[in-house]
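Just below is one structure, and these are the notes that go with it.
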Amino acid sequence: MIEVTEALLALLRGGGRGALATVTRAAGSTPQQPGARLLLRPDGTLVGTVGGGAIEQVVVEALRACVRDGTPRVIARELGRDLGMCCGGRMEVFVEPIEGAPRLVIFGAGHVAKATAAIARTVGFAVTIVDDRDELNDEARFPGCLRVLAEPREARDRVAPTAHDWLLVVTHDHRLDEEALDLYSTLPHAYLGVIGSRRKVVRILRRIRARRGALPPLDRVYAPVGLRIGAVSPEEIAVSIVGELVALRHGERAGSHMRALEDAAIRRALESDEPLSDDET
């Protein structure tokens, strides 16, 4: 039981989708009693048991289906009649999806990062702050957040992003923004947002292209980051950013993204070295 609880807590903190099976009723001779649990983690491994044998196989199939469709279900079986088990009792098992808190890794600890972290935590994100400035990246400014005192590139192994993680680049230095985009766009992520003007985004991507000989993967990159709401102050910018995170997390494209990468003029500029006109910046 302790092992399942620890694995469940790790899933909730680490993000991703799993599924939990709990024996809710047992009558007659059964291999487990109510309260027995079996957890399917996001990586496909199992922790715990609901009894083994044929009943566990049925439950594991239900767990996998639950991860796919996100729908709870109740499994009820007569162990002897339905599954040919010698126990002969009856079991009911409740299977439910388990959604871990999505992790938002913010590179930078300035005003926008501070405001974004505070709002993001209220809508369910587990926030990690990456910045080597200990006078800014501290508990007083980022309560309830994990903190990594390092520059983005140095933090790679400690951050260890997965396909479920949301990454946001809002550092105080264009060099660090460029390094973060260059590195983390090639690593697993669900979302990678980069703050800055359209002109800045193009310049950064051109420099990366010049070094690599090609653009980095951009299918999940949002730059400039946020929804178009006329945001000016750090707090307003944070609202714009978190609004985009929430919309994408729920599979929506509500609002107007400022994603220059979908702009035909920006695409043409990236394929050449022609300057951007004033109305494209």
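- Between Glu179 and Arg156 there is no salt bridge, since no side-chain N of the basic residue sits under 4.0 Å from a carboxylate O of the acidic one.
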Test side-chain contact (heavy atoms from CB on, under 4.5 Å) on Leu46 and Leu63 and set out the steps.
-> CA-CA 10 Å; Leu46 295 164; Leu63 285 167; 4.3 Å; yes

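- With a 4.5 Å cut-off on side-chain heavy atoms, Arg73 and Val95 count as touching.
- Using a 4.5 Å heavy-atom threshold, the side chains of Tyr222 and Glu244 count as touching.
- When atom types are taken as modelled, the side chain of Thr171 and the backbone of Gly108 share no donor-acceptor pair closer than 3.5 angstrom.
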For the pair Glu151 and Arg175, evaluate side-chain contact (heavy atoms from CB on, under 4.5 Å) and give the outcome as yes or no after the intermediate values.
-> CA-CA 11 Å; Glu151 290 190 352; Arg175 173 187 64 83; 3.5 Å; yes

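- Contact between Arg77 and Ile75 at its shortest, heavy atoms only, is NH1-CG2, 3.8 Å.
- Panel note: side chain Arg121, backbone Pro143; a donor-acceptor pair is recorded below 3.5 Å.
- Across every non-hydrogen atom of Leu83 and Ala54, the tightest pair is CB-CB, 3.9 Å.
- At a threshold of 4.5 Å between non-hydrogen side-chain atoms, the residues Leu245 and Tyr191 count as touching.
- Proximity of His189 to Val105: side-chain heavy atoms (C-beta onward) are nowhere separated by under 4.5 Å.
- The two residues Leu227 and Gly243 make their nearest non-hydrogen contact at CD1-C, 3.7 Å.
- In this structure, Thr22 contributes its side chain and Thr24 its backbone to no donor-acceptor pair below 3.5 Å.
- Side-chain atoms of Arg153 do not come within 3.5 Å of backbone N or O of Leu183 as any donor-acceptor pair.
- Expressed to the nearest 0.5 Å, how far CZ of Arg68 lies from CZ of Arg17 amounts to 11.0 Å.
- In terms of hydrophobic clustering, with Ile, Leu, Val, Met, Phe, Trp and Tyr side chains grouped at heavy-atom distances under 4.5 Å, Val59 and Val47 are assigned to different clusters.
- Residues Glu99 and Arg249 are not paired through a salt bridge, judged by the lack of any N-O separation under 4.0 Å between the basic side chain and the carboxylate.
- Aromatic ring orientation, Phe125 versus Trp166: perpendicular (interplanar angle above 60°, classes split at 30° and 60°).
- More than 12 heavy atoms of other shown residues, nucleotides or ligands fall within 6.0 angstrom of atom NE2 in His172.
- Contact check for Phe142 versus Ile106: no side-chain heavy atoms found under the 4.5 Å cut-off.
- Proximity of a side-chain donor or acceptor of Thr122 to a complementary backbone N or O of Ile119 within less than 3.5 Å is detected.
- Using a 4.5 Å cut-off on side-chain heavy atoms (C-beta onward), Val170 and Ile237 make no contact.
- In the hydrophobic cluster analysis, where Ile, Leu, Val, Met, Phe, Trp and Tyr join through side-chain heavy atoms closer than 4.5 angstrom, Val23 is grouped apart from Leu39.
- Between the side chains of Thr162 and Arg103, not a single donor N or O lies within less than 3.5 Å of an accepting N or O.
- Just one residue in the list Leu167, Val169, Ile208, Thr186 forms a side-chain contact (heavy atoms from CB on, under 4.5 Å) with Leu181, and that residue is Ile208.
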Assess whether side-chain contact (heavy atoms from CB on, under 4.5 Å) is satisfied between Arg37 and Thr5, documenting all intermediate values.
-> CA-CA 9 Å; Arg37 295 185 296 174; Thr5 301; 2.8 Å; yes

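- Leu40 is connected to Val58 through a chain of hydrophobic side-chain contacts under 4.5 Å among Ile, Leu, Val, Met, Phe, Trp and Tyr, so both are in one cluster.
- The side chain to side chain donor-acceptor pair (under 3.5 Å) pairs that include a residue from residues 43-54 are Arg41-Thr45, Asp43-Thr45, Thr49-Glu56, where partners are two or more places apart or lie in different chains.
- Taking 4.5 Å as the limit, some side-chain heavy atom of Pro72 sits within range of a side-chain heavy atom of Pro97.
- Counting all heavy atoms, side chain and backbone alike, Leu11 lies closest to Pro42 at CD1-CD, 3.6 Å.
- The closest side-chain heavy-atom distance from Leu218 to Leu205 is below 4.5 Å.
- Closest of all the heavy-atom pairs between Val127 and Ile129 is CG1-CD1, 3.7 Å.
- Heavy-atom neighbours of Arg25 CZ from other residues, nucleotides or ligands within 6.0 Å: at or below the threshold of 12.
- Electrostatic pairing of Asp182 and Arg207 does not count as a salt bridge here, judged by no charged N lying under 4.0 Å from a carboxylate O.
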Check the pair Glu135 / Asp138 against side-chain contact (heavy atoms from CB on, under 4.5 Å), numbers first and verdict last.
-> CA-CA 7 Å; Glu135 71 276 15; Asp138 63 11; over 6 Å; no

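- Hydrophobic clustering of Ile, Leu, Val, Met, Phe, Trp and Tyr side chains at less than 4.5 Å, counting indirect connections, unites Val112 with Val225.
- Across all non-hydrogen atoms, the minimal contact from Pro188 to Pro161 is O-CB, 3.3 Å.
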